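These numbers come from a predicted model, not from an experiment. Lettering follows sequence order; numbering is per chain, from 1.
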Amino acid sequence: MTETLSATAYRTIPAGELRAEHAGSPARLAGWVHRSRDLGALVFLDLRDRAGLVQVSFDPTWTPADVLAAARELRAEDVVQVEGTVERRIKVNPNLPSGEVELRATGLRVLTRAEATLPIQVDYAADEELPAEDLRLRYRYLDLRRPELQRNFVTRHRAAHSVRNFLSGEGFLEIETPVLTKPTPEGARDFLVPSRVHRGEFYALPQSPQLYKQLLMVSGFDRYYQIARCLRDEDLRADRQPEFTQIDAEMSFVDEEDVFRVGEGMMATLWRDVLGVEIETPFPRMTYVEALARYGTDKPDLRFDLPVVDVTEILQRSEFRLFQSTMGTAQRIRGIRVPGGARMSRRETDELQDVAKRGGAGGALWVKRGEDGLSGQFAKALDEATLNAFLGVTGLEVGDLFVAVVGPFRSARMGLDEDGRVPTGLEAAADELRRHLARKMNLVDESKHAWLWVTEFPLFDWDPEAGRLVSAHHPFTMPHLDDVLALFAATEGEGTISADDARRLYTLPMRSRAYDAVYNGNEMASGSVRIHDPELQRRIFRSLGIGEQEARTKFGFLLEAFRYGAPPHAGFAFGLDRIAMLLARATSLREVIAFPKTNSARALFEGAPTPVASGDLRDLHIRTLGE
RNA sequence: GGGGCCGUAGCUCAGUCGGUUAGAGUGCCGGACUGUCACUCCGGAGGUCGCGGGUUCGAGUCCCGUCGGCCCCGCCA
């Protein structure tokens, strides 16, 4: 996909599109002065527009004296129109796509001037530091002129365009849903919008079009999509903005396989269109439980393997107090074999302690296998039989390192501890170690595009404060077929579920038909097969502690819709911002969002949020609390 | 809500143990320069050391508070 800009009233061709083939022809260009070089009698300037840069040369041989004098007065970011002839350069600049030619100027018109002292520059040398990000956000229109940043938005546009093309080709209809909607009781904090007409009542901005897209399925549209803005009033991160964009889609008469096929096809097409890269489909699948056990995370980066190995039963028998202490407890000994890791220095192995601690472990234990056997913290504790079993299970070869952590693992046993809390496992430590070691040992294959589906996410999370179940995905997620019986058994009768039954369902655990798409260790999409049966939906609400009356108040319109013939349906939502960020190789969402918010959800450019006049508040029936 | 880092010229940064007139690069202004491309060379201007308070004979530097930015934990169904 390439986009070309056309000739306009101000130009015959975009400056950045000039090439050798244009040599000899007259041209009129319009754009910004990127940089100028005044050599006295000669002046060069680099003219920039969206298409790129081209050199314009002012020389007494072809430039009238008054034009040359005017050219000497030009400064960076003045907007000009220049006229002349495209000619081959005396010396080619290989760093510029237009570097074989220049425009020999015969005419110059200054359209607008930029103030001499710019708050931030547009033009930077390769090794020059960019200004502080708050300044770049304050003067966003200047920062956005930078070719690097412009490229990101071209990438983002291509991604969105590719997605629309693909989904349209698959029969999806683009349908818009409301931005003023109803607050949602579960999940993230809503942005609220006060109603002027209805005193004391509020709209919410949508966290996602979830309910609407399900209603569209009930309405018979069969396949819907929308590149939808979603808003959540939660704290920010480098990869999280309060408003973000999802490729939201829903399909009727489908199961997981249909959804996966569309999602994979969409991503493969997108990667081909934008990067020219072929992605293998179908994506590999892995259940949530598998992912957690094998990689310590529900979004494993499969550009490298480094699986987590359980060596509890083997090492419990060794002469090592910490290992022995796991006997008869739920504690596990798990670790990672690092090929070639034996060459890590003392300093590097020491560093592993901090990495493991970051993940909640007490520390990390390691052994190296050298030519003459094991060395390291627990090397001497293994007798011959234990050693052989250890080497057999881990596959530890000469030159390898094995790093282990000891403690509880969630994936070994779901449940709650005595205080009704969700116990934290050392999966996080394994995950930290795995990613740290891969980076450190250079095991990440940067050329890989490692997609996968993670399936069978838990249906419920536990809210220890309220002592009740909450939806892990959302309350409309279909339970796993094998777990539906347990759900029905626990939700007999009219009322909400008992605390014991709730705990039992959590501990079981109840699995769902929710899934994520993961790319190189990033969560790119999530979705689920939805509930379309009113009775099953009621059971879910009961288990969430939501009674009949409450359900009607909160989700009445959806439940009502389900009473009149709802098709089986499922869908997904991909994060467009994150996709654009990764395609552009950016490290922050702010690099692919034109006007992003800061960490504290402020817009430095336009200065939102802001206090409003008291009269405006009065109209909305709102009074702010004093100190 | 919590932890970490940062705030000095338009911009990027240095500033030693608390001590003379707060420096550099770049940009800006003036001058020179006929093939540059981060042009080069010469000269000049440019400072609320984020803000408020405190300690001190003396604070960019130490202490307290506060504002703003970035990264992370909690949170984000």
**Asked** Base, sugar-phosphate, or nothing for A/Ile120, non-hydrogen atoms under 4.0 angstrom?
**Response** nothing
**Prompt:** Any Lys/Arg nitrogen of A/Arg136 or A/Glu591 sitting under 4.0 Å from an Asp/Glu carboxylate oxygen of the other?
**Reply:** yes
**Nearest heavy atoms of A/Ala573 and A/Asp248, plus distance in Å** = CB-OD1, 3.7 Å
Name each donor-acceptor pair under 3.5 Å that joins a side chain in residues 118-126 of chain A to protein atoms two or more places apart or in another chain, with its distance.
{"from": "A/Asp123", "atom 1": "OD1", "to": "A/His34", "atom 2": "NE2", "distance (Å)": "3.3"}
{"from": "A/Asp123", "atom 1": "OD1", "to": "A/Arg35", "atom 2": "NH1", "distance (Å)": "2.8"}
{"from": "A/Asp123", "atom 1": "OD2", "to": "A/Arg35", "atom 2": "NH1", "distance (Å)": "2.8"}
{"from": "A/Tyr124", "atom 1": "OH", "to": "A/Gln121", "atom 2": "N", "distance (Å)": "3.3"}
{"from": "A/Tyr124", "atom 1": "OH", "to": "A/Gln121", "atom 2": "O", "distance (Å)": "2.8"}

**Asked** Please give, in whole Å, the distance from B/G69 C1' to A/Asp134 CG?
**Response** 5 Å
**Who pairs with B/U34 - Watson-Crick or G-U, where each distance is under 3.5 Å** = none
**Asked** Roughly how far apart, to the nearest Å, are B/G7 and B/C13 at atom P?
**Response** 9 Å
**Request:** Go through B/G10, B/U34, B/G69 for me and flag the one nearest to the A/Leu42 side chain.
**Result:** B/U34
**Prompt:** Which base, if any, makes a Watson-Crick or G-U wobble pair with B/G68, both distances under 3.5 Å?
**Reply:** B/C6
**Item:** Centroid separation A/Phe555 to A/Phe557 less than 6.0 Å
**Value:** no
**Prompt:** A/Asn95 near the nucleic acid: base, sugar-phosphate alone, or nothing, with a heavy-atom cut-off under 4.0 Å?
**Reply:** nothing
**Request:** Please report, rounded to the nearest Å, how far the C1' atom of B/A38 is from the CG atom of A/Asp46.
**Result:** 10 Å
**Message:** If you only use heavy atoms from C-beta on, which nucleotide in B/C39, B/U34, B/G10 is closest to the side chain of A/Pro60?
**Reply:** B/U34
**Message:** What is the distance, to the nearest angstrom, from the CG atom on A/Asp123 to the C1' atom on B/U12?
**Reply:** 14 Å
**Asked** Heavy atoms under 4.0 Å, any strand shown: does A/Arg602 hit a base, just sugar-phosphate, or nothing?
**Response** sugar-phosphate
**Prompt:** For atom C1', what is the distance between B/G69 and B/C29, given to the nearest Å?
**Reply:** 32 Å
**Fill in**
Here the residues of residues 62-79 of chain A within 4.0 Å heavy-atom distance, strictly under, of RNA chain B are A/Trp62, A/Arg72, A/Arg75
**Item:** Paired nucleotide for B/U21 [Watson-Crick or G-U wobble; both distances under 3.5 Å]
**Value:** none
**Asked** Going from CG on A/Leu604 to CD on A/Glu133, what distance comes out if it is rounded to the nearest 0.5 angstrom?
**Response** 9.0 Å
**Request:** Just call it for A/Gln241: base, sugar-phosphate, or nothing, with non-hydrogen atoms closer than 4.0 Å on any strand.
**Result:** nothing
**Message:** Nearest whole Å is fine: how far is B/C75 P from A/Gln207 CD?
**Reply:** 16 Å
**Asked** Distance between the P atoms of B/C64 and B/C70, in whole angstroms?
**Response** 25 Å
**Sugar-phosphate only, base, or nothing, as touched by A/Asp38 at under 4.0 Å among non-hydrogen atoms** = base
**Prompt:** How about A/Phe605 and A/Tyr141: are their ring centroids closer than 6.0 Å?
**Reply:** yes
**Asked** Just how far, in rounded Å, is C1' of B/C33 from CZ of A/Phe44?
**Response** 12 Å
**Prompt:** For atom P, what is the distance between B/C6 and B/C62, given to the nearest Å?
**Reply:** 11 Å
**Asked** Between A/Arg232 and A/Glu234, is there a side-chain N and carboxylate O pair less than 4.0 Å apart?
**Response** no
**Message:** For A/Thr496 versus A/Gly547, what's the shortest heavy-atom pair and its separation?
**Reply:** CG2-N, 3.7 Å
**Request:** May I ask you to say what A/Leu96 touches in the nucleic acid, namely base, sugar-phosphate or nothing, with a heavy-atom cut-off under 4.0 Å?
**Result:** nothing
**Enclosure of A/Glu115 CD (heavy-atom neighbours >12, cutoff 6.0 Å)** = no
**Request:** Nearest whole angstrom, please: distance from the P of B/C11 to the CD of A/Glu129.
**Result:** 15 Å
**Message:** Just to be sure I understand the rule, does A/Asp59 reach a base, reach only the sugar-phosphate, or reach nothing, if contact means heavy atoms closer than 4.0 Å?
**Reply:** base
**Asked** Between B/G69 atom P and A/Lys597 atom NZ, what is the distance in whole Å?
**Response** 13 Å
**Prompt:** Closer than 4.0 Å, any side-chain N/O of A/Thr117 to the OP1 or OP2 of B/G27?
**Reply:** no
**Prompt:** NA contact type, A/Ser98, heavy-atom cut-off 4.0 Å: base, sugar-phosphate, or nothing?
**Reply:** nothing
**Asked** Does a distance-only test, which skips hydrogens and angles, find a donor-acceptor pair under 3.5 Å between the side chain of A/Gln55 and the base of B/U36?
**Response** yes
**Asked** Measuring from A/His474:NE2 to A/Thr184:OG1, what's the distance to the nearest 0.5 Å?
**Response** 11.5 Å
**Asked** Is it true that A/Glu77 and A/Arg48 make a salt bridge, defined as a side-chain N closer than 4.0 Å to a carboxylate O?
**Response** yes
**Request:** Name the pairing partner of B/G43, where a pair is Watson-Crick or G-U wobble with both distances under 3.5 Å, or state none.
**Result:** B/C29
**Request:** Go through B/C11, B/C70, B/G35 for me and flag the one nearest to the A/Ile90 side chain.
**Result:** B/G35
**Asked** Say you pick atom C1' in B/C28 and the same atom in B/U12; how far apart are they, in whole Å?
**Response** 15 Å
**Request:** Go through B/C70, B/C29, B/A38 for me and flag the one nearest to the A/Ala125 side chain.
**Result:** B/A38
**Message:** Is the phosphate of B/C39 approached by A/Arg37 (side-chain N or O, under 4.0 Å from OP1 or OP2)?
**Reply:** yes
**Any donor-acceptor N/O pair under 3.5 Å between B/G25 base and A/Glu128 side chain** = no
**Prompt:** Just one of A/Leu96, A/Val54, A/Leu53, A/Leu47 clears the side chain to side chain contact (heavy atoms under 4.5 Å, CB included) bar with A/Leu18, so which one?
**Reply:** A/Val54
**Request:** Please work out whether the ring planes of A/Phe541 and A/Phe476 are parallel, tilted or perpendicular, with thresholds of 30° and 60°.
**Result:** perpendicular
**Request:** Quote, to the nearest angstrom, the P distance that separates B/G25 from B/C41.
**Result:** 11 Å
**Prompt:** Distance check: side-chain N/O of A/Lys91 vs OP1/OP2 of B/C37, anything under 4.0 Å?
**Reply:** no
**Request:** Please state the C1' separation for the pair B/U61 and B/G23 - nearest whole angstrom.
**Result:** 15 Å
**Message:** Does B/U36 have OP1 or OP2 under 4.0 Å away from a side-chain N or O of A/Arg89?
**Reply:** no
Under 3.5 Å, which protein N or O atoms sit close to an N or O of nucleotides 71-74 of chain B? Give each pair with its distance.
{"from": "B/C71", "atom 1": "OP1", "to": "A/Arg590", "atom 2": "NH2", "distance (Å)": "2.7"}
{"from": "B/C71", "atom 1": "OP2", "to": "A/Arg590", "atom 2": "NH1", "distance (Å)": "3.4"}
{"from": "B/C71", "atom 1": "OP2", "to": "A/Asn599", "atom 2": "OD1", "distance (Å)": "3.1"}
{"from": "B/C71", "atom 1": "OP2", "to": "A/Asn599", "atom 2": "ND2", "distance (Å)": "3.3"}
{"from": "B/C72", "atom 1": "OP2", "to": "A/Ala238", "atom 2": "N", "distance (Å)": "3.3"}
{"from": "B/C73", "atom 1": "OP2", "to": "A/Arg237", "atom 2": "NE", "distance (Å)": "2.8"}
{"from": "B/G74", "atom 1": "N7", "to": "A/Arg237", "atom 2": "NH2", "distance (Å)": "2.8"}
{"from": "B/G74", "atom 1": "O6", "to": "A/Arg237", "atom 2": "NH1", "distance (Å)": "3.2"}
{"from": "B/G74", "atom 1": "N1", "to": "A/Asp235", "atom 2": "OD2", "distance (Å)": "2.6"}
{"from": "B/G74", "atom 1": "N2", "to": "A/Asp235", "atom 2": "OD2", "distance (Å)": "3.2"}

**Request:** Send over the distance from A/Leu130 CG to B/U26 C1', rounded to a whole Å.
**Result:** 14 Å
**Request:** Give one of base, sugar-phosphate or nothing for A/Ser600, where a contact means two heavy atoms less than 4.0 Å apart.
**Result:** sugar-phosphate
**Prompt:** Expressed in whole Å, how much space separates the C1' atoms belonging to B/A24 and B/U8?
**Reply:** 13 Å
